[in-house]
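Written below as structure tokens is the structure these notes are about.
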Amino acid sequence: MMFRMIMRRLGIGVVTLWVVSLLMFAGTEILPGDVAEIMLGQEATPESLAALRGKLGLDKPAALRYLEWLGDMATFDLGLSLAGHSGTGGGGATIEVLIGARLQNTLLLSSIVAAISVPLSVTLGLLAAMFPTSLYDRTVTFTTLCLVAVPEFFIATMLVLILAVQLQWLPSIATMTDFESVWDMLRSLSLPILTLCFVLLAQMSRMTRAAVLNVMSSPYIEMAILKGVPRRRIILRHALFNAIGPIVNIIALNLAYLVSGVVIVEVIFAFPGLAKLMVDGVQVRDMPLVQACGMIFCATYVVLILISDIASIVSNPRLRHPK
Amino acid sequence: MALLEVDDLHIEARSEQGEVLPIVKGVSFEVQRGEVMALIGESGSGKTTIALSSLGYTKPGLEFAGGEVRLDGRDVITMPSLERRDMRGRKVAYLAQSAAATFNPALTIGEQVTESAVLHGILNQEEANRRAEELYRTLELPDPDRLGRRYPHQVSGGQLQRLMAAMALCGKPDLLVLDEPTTALDVTTQIEVLKAFKRVIKEEGSAAIYVTHDLSVVAQIADHIVVLYAGEVQEMGTADDVISRPTHDYTRRLMAAVRPPPAAGQGDAASEEHLRDSPALETRKVNAGYGRKLDGSVAMKVLFDIDVSIERGQVVGVIGESGCGKSTLARVMAGLTPAFAGDVLLDGSRLAASVPERERDELRKVQFVFQMADTALNPKQRIDEIIGRPIEFYLGLKGEAKRKRVLDLLDMVELPYEFAGRYPEELSGGQKQRVNLARALAADPEVLLCDEVTSALDTIVGANVIQLLRSLKDRTGVSFVFISHDLSTVASFADEIVVLYAGRVVEKGPVDEVLSPPFHPYTRLLISSVPELRVGWMEEMLATSTAQAGIDRVVQITEVGCPYYDRCPLAVPGTCNEHTAPERRIAERHFIECHREIEELVRFSHN
Amino acid sequence: MTESVAKVAAPGTVVGTQFEELPDAPPKRKLKFTPVGKVAISIVCFWLVIVVIGPWISPYHEADLIADDSFTPSGEYCSEWEEGMCSFHVLGTDYLGRDVLSRIIYGARTTIGVSFAATVLAYIIGVIFGIAAAVGGSKLDMGLSRVNDAFISIPHIMMGLVIIAAVGSTIPILIVTAGCIYATTVFRISRALALDVMVSDFVESARARGEGLWWIIRREILPNIAMPLATDFGLRLVFIILFISSLSFLGLGVQPPDSDWGSMVKENLQGLVYGSLSPIAPAIAIATLTISINLIVDDVSAHAGGRLAKRML
């Protein structure tokens with residue numbers, strides 16, 4: 001039963017990825033003109049256009065090009081970047097080269113953020129749920145409500161204002177070169193990390209609190225109270241055991257959210273990550289680059305959502321212990 | 001000194017805006033060691049709230065506002081919370097109404113049963129496990145050695161209910177609080193659970209508070225009774241006194257509303273004149289089910305070859321346990337669940353299988369009344385809109401004519417005119433059910449399909465609705481299909497009875513004949529499972545072979561053989577489980593589907 | 001009980017005199033806002049007023065280059081080059097010497113207007129398809145839901161980036177993009193709400209009566225899903241404001257010379273170093289609006305869903 005459900009969910013994940021790739025590919029197709037025209041711009045002559053189209057394979061039918069593109073994506077042969085945009089040193093560089101180092105940077109940033117915010121926010125949310133309507137709970141609820149309602153760049157701007165401009169503790173730009181030590185690197189990354197942590201903390205602790213409270217209002221918790229079970233055991237054994245599924249779900253969802261959160265943060269702090277590369281690509285309409293970055297982000301997102309769904313299937317006792 | 005003394009207890013509900021609503025208004029009573037005290041009342045009487053106060057607990061939103069609840073001389077309301085925690089599970093244990101919701105789905109049964117005893121240091125884990133096993137045996141639960149390692153969703157509802165008793169008793173408490181522990185169960189399961197409770201309470205020698213609305217259950221189990229209404233004690237005394245010699249008005253009304261056990265001699269036989277006409281509604285070889293497999297066949301068959309006919313002006317009661325297909329039958333008649341084989345006939349002419357294919361006038365003649373008035377009325381529509389719509393839709397009346405008709409209908413269901421302007425949430429359960437009926441009557445129907453219309457109502461309110469149905473039948477000449485799991489309700493209102501089991505008609509005929517021998521073995525079980533308002537009934541009933549074979553089993557739908565095979569005391573292996581039972585004609589309109597000869601059934605019915 | 005009732009009551013019926021049937025539930029509470037909620041309402045109203053009358057009360061036009069110096073602090077500014085060229089700026093000037101207050105006032109129109117239009121669009125698309133999926137039978141539901149699942153599993157901002165990369169950024173495109181992207185969530189919510197109502201006994205009863213689908217949607221479903229959808233509209237509006245501001249912040253949303261809160265933060269980011277209010281004021285403007293809407297939604301849903309259990313042990 002459980003196996004069947006997981007396989008089904010995996011199947012849906014594959015279909016979703018396929019649809020995403022279709023959409024990404026369709027993105028180029030709706031462009032007025034084609035990639036060759038954009039690359040050649042003003043200098044285009046019918047002959048040079050035809051030649052470039054032939055070289056890029058643009059004269060083939062769309063369906064065929066889609067299949068080739070899909071094959072390239074699957075084998076990480078990501079093709080050529082089009083335009084020469086700032087920081088990437090001229091057109092024609094292969095996308096793998098452009099992406100390589102940047103992907104590492106983004107991964108590094110995300111994993112530090114996840115490592116800090118996941119344990120912290122689960123604890124915060126759990127504590128808030130343990131003492132509902134206490135001053136602590138109300139403070140957490142109100143603060144997190146405010147934090148989730150504001151854009152990431154608001155938090156980033158405020159942090160820069162306070163920590164970089166007023167107090168001058170931290171740099172307002174996050175570079176990834178010339179580090180003398182790990183400490184140096186962390187210092188350089190601290191503002192982007194802090195910003196993302198704030199956002200994730202707010203969301204995750206709110207959701208954790210709600211998930212635990214939801215469990216706490218169920219009749220079996222009331223029963224445990226009436227059995228004289230101490231509060232700590234009620235939370236840790238009776239409630240948490242049932243809330244683990246939802247909490248894992250929440251963590252995966254929020255890590256998926258991180259995928260879009262990095263976009264803003266990388267731009268603000270001029271962080272040389274994948275998202276910054278993609279935004280630069282969008283600005284100069286470098287579609288192959290945008291497609292490649294988009295696919296990487298979407299695939300990560302889809303996989304994380306998939307993990308969250310599978311987590312909730314696996315954590316369901318009814319499915320774990322079939323009749 | 002009494003074990004529990006409740007002294008002038010007051011409990012209030014406080015809303016966000018600070019409005020105070022008294023729930024319990026000065027209740028006092030005592031429970032002696034070893035005795036079972038029943039708290040009887042209908043919804044809103046405060047019975048559960050009072051019972052919970054003996055654990056020093058109130059539901060969220062409620063608070064203690066005065067009085068004392070002394071357990072062993074200590075006031076549980078004012079005692080320090082650590083002491084209260086220690087007292088819960090050690091001295092008092094609680095059994096909730098729905099075991100399915102009160103067992104933690106993520107923990108094993110064993111851990112939950114022994115948890116309280118171990119935590120309080122009454123027993124160590126090993127002793128507790130042994131005690132739990134003993135209790136499983138006493139409660140006649142299957143597979144007691146391994147039961148503790150299973151999870152709650154792996155056992156049946158009736159078993160969970162008994163497991164809850166094991167959970168409560170494991171720490172050997174002085175007082176058990178049982179909150180409607182059998183209300184949600186089918187009649188046959190209810191008896192089994194009740195029996196187990198009674199036995200275990202007796203063996204353990206604990207005192208108990210038994211909360212219920214059902215007088216006949218009380219008669220089986222209680223020593224003393226407290227009758228509650230709106231948070232006040234109306235009457236209290238020994239079970240025998242209160243049941244046989246009620247002094248208070250409210251108790252008398254409760255007693256009057258309890259339907260007498262089903263017996264022959266009720267119902268109107270269809271007259272000759274009726275039988276010459278074609279029946280008002282008829283099903284022929286109806287087969288129905290839910291879901292479709294890939295090859296187009298039905299995934300879950302629910303009804304098999306159902307033949308039922310409803311004569312003009314008659315009430316046909318359909319009875320059976322949950323899962324027998326009785327609601328599906330009504331839905332097939334209404335066209336909500338199309339039959340995949342067989343016909344439904346209205347006035348002798350064939351109806352299309354589904355609603356969209358039927359003519360509007362055909363739809364008008366067959367009206368469906370849903371079980372839960374709470375959910376059957378759109379909360380966003382006023383009562384006059386709800387009742388007015390069928391009038392406009394079927395009869396084309398508008399404006400003043402429609403309004404007049406709405407008021408007539410309110411009259412008919414005995415509701416005041418000013419209800420026309422109200423919304424459903426402003427009405428009580430019984431009033432909503434009346435509106436629900438009025439909407440069906442608004443279509444000026446020939447047949448009313450009533451699906452468990454009194455099951456969700458309190459005893460007195462339900463009795464009033466039946467009374468109303470009876471007068472409607474006399475005044476309007478409408479025919480009824482009356483579906484219920486409660487045989488005494490059906491017997492008190494129906495002219496003919498159809499007994500459904502696992503999607504098949506096992507017996508049908510006039511009330512008189514169905515309720516007198518010869519019986520189908522299943523009918524016999526149903527009749528004997530209805531609790532009677534007298535002490536000692538349960539023991540007698542449980543001694544019968546019918547009960548021993550048939551009680552506490554789940555209905556299983558089988559395509560081959562007689563579906564009742566695994567519960568039947570007369571089952572013939574090799575025949576009953578392999579061949580479809582023949583239909584035996586007992587009298588003009590009385591049929592039994594059974595492999596046994598009529599003579600054998602007669603003999604069985606009399607012993 | 002009216003007299004007519006007493007008359008028709010059959011003998012022996014116990015139409016209540018002394019022991020009335022007790023009411024099912026306490027009477028419905030009226031929606032009351034907490035003090036915080038009231039403050040939030042006044043803030044939202046304030047911004048709505050600004051949206052309507054903004055151009056008439058704004059000290060300058062949004063595009064006017066008033067001061068010839070960038071990032072001037074709050075207060076009066078007099079030109080260093082031209083004698084007697086003085087102007088007063090409550091929030092100082094931006095990187096081009098434009099009045100920040102005026103740009104915020106004008107920006108309110110763009111930010112709130114565009115977001116509101118996108119939310120309405122998201123609702124029109126989402127609710128129509130959501131209800132269609134709920135009432136249209138399992139095949140239509142399966143089809144629509146699968147497509148929606150695929151769309152919903154692309155991060156919103158990615159989808160926005162790809163679309164804008166492909167077709168560029170103008171205000172109509174922004175509205176349509178945000179509307180379509182968020183229609184996926186609205187679809188999911190309205191489908192779930194409508195499905196809940198669809199399986200209720202009162203819809204079943206209407207179907208048994210032979211009512212058409214359109215009548216059922218109009219009279220049974222819509223009145224019952226209107227209130228939860230209205231609450232969700234507030235939340236969705238917040239998300240769309242954040243989405244559009246973020247795009248603008250990336251320089252891919254509202255394009256100059258139109259002013260918009262998100263792009264104002266972006267344009268003036270260097271001003272932070274000089275302690276200019278120009279990047280901070282628009283950021284605070286967004287925060288006040290979105291936090292207030294969230295607080296109102298919180299109050300309303302707390303009323304609808306009931307407050308949490310106060311005590312536990």
Side-chain angles (χ1 to χ4, degrees), chain A residues 12-13 15-20 23-24 26-32 130 132-133 142 145-146 148-154 157-158 160-161 164-166 172 213 216-217 221 225 231 234 256-257 259-260 263-264 267-268 278-279 281-283 285-287 290-291 293-294 297-298 301-302 305, chain C residues 36 146-147 149-169 235 238-239 241-243 245-246 248-252 261-262 265-266 269 272-275 279-280 282-284 286-295 297-298 307-313:
Chain A
I12 292 176
V15 171
T16 309
L17 267 180
W18 172 68
V19 175
V20 169
L23 289 172
M24 286 288 169
T28 10
E29 297 296 307
I30 48 174
L31 267 176
M130 276 172 81
T133 70
F142 185 80
L145 180 130
C146 292
V148 294
V150 297
E152 292 95 353
F153 64 77
F154 176 86
T157 315
M158 289 300 151
V160 169
L161 179 69
V165 177
Q166 301 285 332
S172 63
L213 275 181
M216 289 300 284
S217 64
I221 297 294
I225 296 171
R231 185 197 196 98
I234 289 183
Y257 158 81
V259 169
S260 46
V263 176
I264 302 288
V267 171
I268 294 180
M278 181 173 173
V279 173
V282 171
Q283 265 153 353
R285 293 184 148 198
D286 184 349
M287 284 319 284
V290 172
Q291 280 175 343
C293 295
F297 278 120
C298 290
Y301 189 81
V302 169
I305 300 277
Chain C
V36 179
R146 278 291 92 78
V147 172
D149 282 350
F151 275 94
I152 224 166
S153 54
I154 301 176
H156 289 162
I157 198 106
M158 288 299 146
M159 187 110 124
L161 288 179
V162 172
I163 294 178
I164 283 161
V167 295
S169 177
L235 279 184
V238 169
F239 285 125
I241 292 175
L242 297 184
F243 175 76
S245 308
S246 296
S248 296
F249 180 83
L250 295 176
L252 304 168
W261 294 345
V265 180
K266 163 79 169 176
L269 212 51
L272 268 185
V273 187
Y274 314 112
I280 298 169
I284 290 179
I286 297 176
T288 55
L289 180 65
T290 51
I291 291 177
S292 301
I293 298 176
N294 251 11
L295 287 170
V297 169
D298 216 36
R307 287 277 168 166
L308 285 163
K310 277 224 172 89
R311 297 171 324 132
M312 203 190 91
L313 297 176

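The sequence lines fix the lettering, A, B, ..., with proteins before strands; numbering per chain opens at 1.
Residue contact with chain A, scored on non-hydrogen atoms closer than 4.5 Å, involves the side chain of Val36(C) exclusively. The part of Ile12(A) that comes within reach of chain C is its side chain, from C-beta onward, which places non-hydrogen atoms under 4.5 angstrom from that chain. Proximity to chain A (any heavy atom under 4.5 Å) is shown, for Ile241(C), by neither the backbone nor the side chain. Using a 4.5 Å cut-off between heavy atoms, Leu289(C) does not touch chain A at all. With a 4.5 Å cut-off on non-hydrogen atoms, Ile305(A) does not touch chain C at all. For Ile286(C), the part sitting under 4.5 Å from any heavy atom of chain A is the side chain, from C-beta outward, and nothing else. With a 4.5 angstrom heavy-atom cutoff, Leu252(C) touches chain A only via side-chain atoms. Contact of Val148(A) with chain C is made through backbone and side chain together, with heavy-atom distances under 4.5 Å. Contacts between Val19(A) and chain C at a heavy-atom distance below 4.5 Å involve the side chain alone, from C-beta outward.
The two residues Asn294(C) and Leu145(A) come nearest to each other via the heavy atoms ND2-O, 3.8 Å. Smallest separation of non-hydrogen atoms from Ala149(A) and Val238(C): O-CG1, 4.2 Å.
To the nearest 0.5 Å, atom CD1 of residue Ile291(C) and atom CZ of residue Phe154(A) are 6.5 Å apart. Atom OG1 of residue Thr16(A) and atom CZ of residue Arg146(C) lie 8.0 Å apart, to the nearest 0.5 angstrom.
Counting non-hydrogen atoms of other residues, nucleotides and ligands closer than 6.0 Å to CZ of Phe239(C) gives a total of 12 or fewer.
By the side-chain hydrogen bond (donor to acceptor under 3.5 Å, both in side chains) test, Thr288(C) pairs with Trp47(C), sequence neighbours left out.
With a 4.5 Å cut-off on side-chain heavy atoms, Ile280(C) and Met158(A) count as touching. Here the side chains of Leu269(C) and Phe153(A) are not in contact, with every heavy-atom distance at 4.5 Å or above.
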